[in-house]
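Throughout, a chain's letter reflects where its sequence line sits, starting with A, and its residues are numbered from 1. The model shown is predicted, which means the values in this text are computed figures rather than measured ones. Quick note: numbers below take in every heavy atom, side chains included, and nothing from hydrogens, waters or symmetry partners.
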Protein chains: 2
Amino acid sequence: MYQYDYEHPAVTTDVVIFTVREQCLKLLLIKRAGKPFKGKWALPGGFVAMDESLDDGARRELEEETGVSGVYLEQLYTLGKPDRDPRERVITVVYYALIPSDKLQLRAATDAEAVGWFGMDELPALAFDHDEIVKMAEERLVAKLDYSTIAFQFMPEVFTLSELQDVYSIILQEEIDKRNFRKWVLAMESIEETGQMRRDGPHRPAKLYRVKAPGKVEIIK
Amino acid sequence: MYQYDYEHPAVTTDVVIFTVREQCLKLLLIKRAGKPFKGKWALPGGFVAMDESLDDGARRELEEETGVSGVYLEQLYTLGKPDRDPRERVITVVYYALIPSDKLQLRAATDAEAVGWFGMDELPALAFDHDEIVKMAEERLVAKLDYSTIAFQFMPEVFTLSELQDVYSIILQEEIDKRNFRKWVLAMESIEETGQMRRDGPHRPAKLYRVKAPGKVEIIK
DNA sequence: GCAAAAGTGTTCCAGATACACCCATGT
DNA sequence: ACATGGGTGTATCTGGAACACTTTTGC
């Protein structure tokens, strides 16, 4: 039991977890087991522990839900309208995370909650103001594709230029010219050839590339 | 006296208040009267009331310190390292505000604190992690000059193109070509001539302009 | 040999940059 | 008349957009 001279809000972190799989930008949601919005889908999140930073709290939530760590995580926005949670005043610091499709290995469902990946165009109704949050996160992601190397965070260790282009065109939802894309992405000198090839179909093998500074997201002018 | 089953952090808003005056980008600081960092300069801020949104809290702080309302205010970042305040766990949602030099009318100092404007290159040592915050705010402001109409928020109701150009070159800290600047700023069609002139020195009078949609900050491509 | 994806250059256009002189006024 | 800041146009450069065919492989 804790006591204060004046009222304190609760503080949570929520995490919008994106990945690209099956030609779709996907989002991780959990089905709420608890009281408000019980049974509704929501963003993973939880209370900030008193001895952890906000970043660490978000990273912990991410790890608990997906089992991945060491991925890209960025603070998005903080929401705190007085009535956004019916129980008590809750202020939530929202992060978003990008995880490469290969790292992805869902935990056995925590606390008997259902966990699932949803394509951005097949999202269910969400609890709280989470639909608003998801919209913001997607906008930020789309904007950052243009002026940063953020998209590399979706890629596995090695990848082909076609795979990289797919990620861009899936998220931007537009066709991209192959030659212009290659010129553009190679010009920023953030990726390099591995020397290896991937041969998979009945067609010419593709050069494999890797990110020069994995984990680092650069702003490109 | 308020009681909770688990520990709650305190939540504050801090506001980085910018204006442009005397050929400088200036920042409003208050001298702390209270216990931690007593006597040090700090960003204005305070606890979020339980019935107000975060935006409203920031707007209230801004109004209390400067007496201005209805100005541009944007959320910047939320900081919450466990030990950033020695008293208790404090999570702060930081906003920044841009106020036109003419609206500016400092309140009689609240709570016997000193209040002052400081040029960005003559900042004193700041309390808490406020120097970090100020750095972030300036970076965001500089970045936004390029791709938004945010700079108009510094202008009074009517202004000349030279005055507008001054604001840009002061904040970006670089010379700007007069003809190119005019072409660029007129091309985005966000300002219009008032039909009035300003005549002030022994020189040709300048056309006065006004912002077409005051208060609105547009993203420019 | 054919289907399937990988790879590769050039032309064109628009927006940004560089740059110098005349204009209207107050004293 | 002169000092002061206001106002204007053109040539050039650069980065993005459009666009089609050849190559290498598996079957």
Side-chain angles (χ1 to χ4, degrees), chain A residues 20 22-23 142-149 151 155-156 158-170 172-210 218-221, chain B residues 20 22-23 142-149 151 155-156 158-170 172-210 218-221:
Chain A
V20 176
E22 297 159 10
Q23 304 295 306
V142 167
K144 280 219 161 186
L145 283 201
D146 277 336
Y147 68 88
S148 81
T149 59
M155 305 312 292
V158 299
F159 53 88
T160 69
L161 292 183
S162 296
E163 288 163 355
L164 183 60
Q165 180 176 341
D166 281 346
V167 167
Y168 275 87
S169 65
I170 288 165
L172 297 175
Q173 297 196 93
E174 61 185 38
E175 297 280 295
I176 298 173
D177 179 82
K178 204 205 293 189
R179 282 171 291 188
N180 291 340
F181 177 77
R182 283 162 190 242
K183 245 180 302 177
W184 176 75
V185 78
L186 293 174
M188 60 198 187
E189 298 186 315
S190 297
I191 62 174
E192 60 190 2
E193 296 185 17
T194 61
Q196 304 297 104
M197 294 282 189
R198 163 170 306 157
R199 114 198 58 238
D200 54 352
H203 55 81
R204 180 169 174 176
K207 286 182 185 170
L208 287 171
Y209 289 79
R210 95 185 107 228
E218 288 162 278
I219 303 299
I220 53 193
K221 178 79 198 88
Chain B
V20 175
E22 298 158 10
Q23 303 296 306
V142 167
K144 280 220 163 187
L145 283 201
D146 276 336
Y147 68 90
S148 81
T149 58
M155 306 311 292
V158 299
F159 52 88
T160 69
L161 292 183
S162 297
E163 288 162 355
L164 183 60
Q165 180 175 341
D166 282 346
V167 167
Y168 275 87
S169 65
I170 288 164
L172 297 176
Q173 298 196 93
E174 61 184 41
E175 298 280 295
I176 298 173
D177 179 82
K178 203 204 295 190
R179 282 171 292 189
N180 292 339
F181 177 77
R182 282 162 191 240
K183 244 181 301 178
W184 176 76
V185 77
L186 292 174
M188 60 197 187
E189 298 186 313
S190 297
I191 62 174
E192 61 190 1
E193 297 186 15
T194 62
Q196 304 298 104
M197 295 281 190
R198 163 170 305 157
R199 88 203 91 172
D200 55 351
H203 56 81
R204 180 170 174 176
K207 286 182 186 171
L208 288 171
Y209 289 80
R210 94 184 109 229
E218 287 162 279
I219 304 300
I220 53 193
K221 177 81 198 80

Expected output: side-chain B:S169 to main-chain B:I176 donor-acceptor under 3.5 Å: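 Not confirmed, B:S169 side chain does not pair with B:I176 backbone.
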Euclidean distance, [Y] [atom2] relative to [X] [atom1], rounded to 0.5 Å:
X      : Y      : atom1 : atom2 : answer
A:F181 : A:L161 : CZ    : CG    : 7.0 Å
B:Y209 : B:L186 : OH    : CG    : 5.0 Å
A:I170 : A:Q165 : CD1   : CD    : 10.5 Å

Whole angstrom is fine here: how far is it from [atom1] in [X] over to [atom2] in [N]?
X      : N      : atom1 : atom2 : answer
A:R198 : D:dG26 : CZ    : C1'   : 17 Å
A:I176 : D:dA18 : CD1   : C1'   : 15 Å
A:Y209 : C:dA6  : OH    : P     : 12 Å
B:K221 : D:dG15 : NZ    : C1'   : 12 Å
A:D166 : C:dA6  : CG    : C1'   : 13 Å
B:L186 : D:dG7  : CG    : C1'   : 11 Å
A:F181 : C:dG7  : CZ    : P     : 12 Å
B:E175 : C:dC19 : CD    : P     : 13 Å

Examine D:dG5: is either OP1 or OP2 under 4.0 Å from a nitrogen or oxygen in the side chain of B:S162? Give yes or no.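 Looking at the OP1 and OP2 atoms of D:dG5, neither is under 4.0 Å from any side-chain N or O of B:S162.
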So does A:R182 get a side-chain nitrogen or oxygen closer than 4.0 Å to the phosphate oxygens (OP1/OP2) of C:dT8?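 No, because none of the side-chain N or O atoms of A:R182 sits under 4.0 Å from OP1 or OP2 of C:dT8.
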Taking all heavy atoms of [X] and all of [Y], pick out the closest pair and write down the distance.
X      : Y      : answer
B:E193 : B:K207 : OE2-NZ, 3.3 Å
B:S190 : B:T149 : OG-CG2, 3.9 Å
B:Y168 : B:M188 : OH-CE, 4.4 Å

Distances under 3.5 Å between protein N/O atoms and the N/O atoms of nucleotides 9-11 of chain D, please, pair by pair.
residue : atom : partner : partner atom : Å
D:dT10  : O4   : B:K183  : NZ           : 2.8

Confirm from the modelled atom types if A:K178 and C:dG7 form a donor-acceptor pair under 3.5 Å, side chain to base only.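 Check passes, donor-acceptor contact within cut-off.
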Quick one: on DNA chain D, does B:H203 or B:K207 contact a more 5' nucleotide (nearest heavy atom)?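 Checking each residue's closest nucleotide, the 5'-ward one belongs to B:H203.
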Return the 5'-most residue of the pair B:A206, A:R199 with respect to DNA chain D, ranking by each residue's nearest nucleotide.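 Nearer the 5' end of the strand: B:A206.
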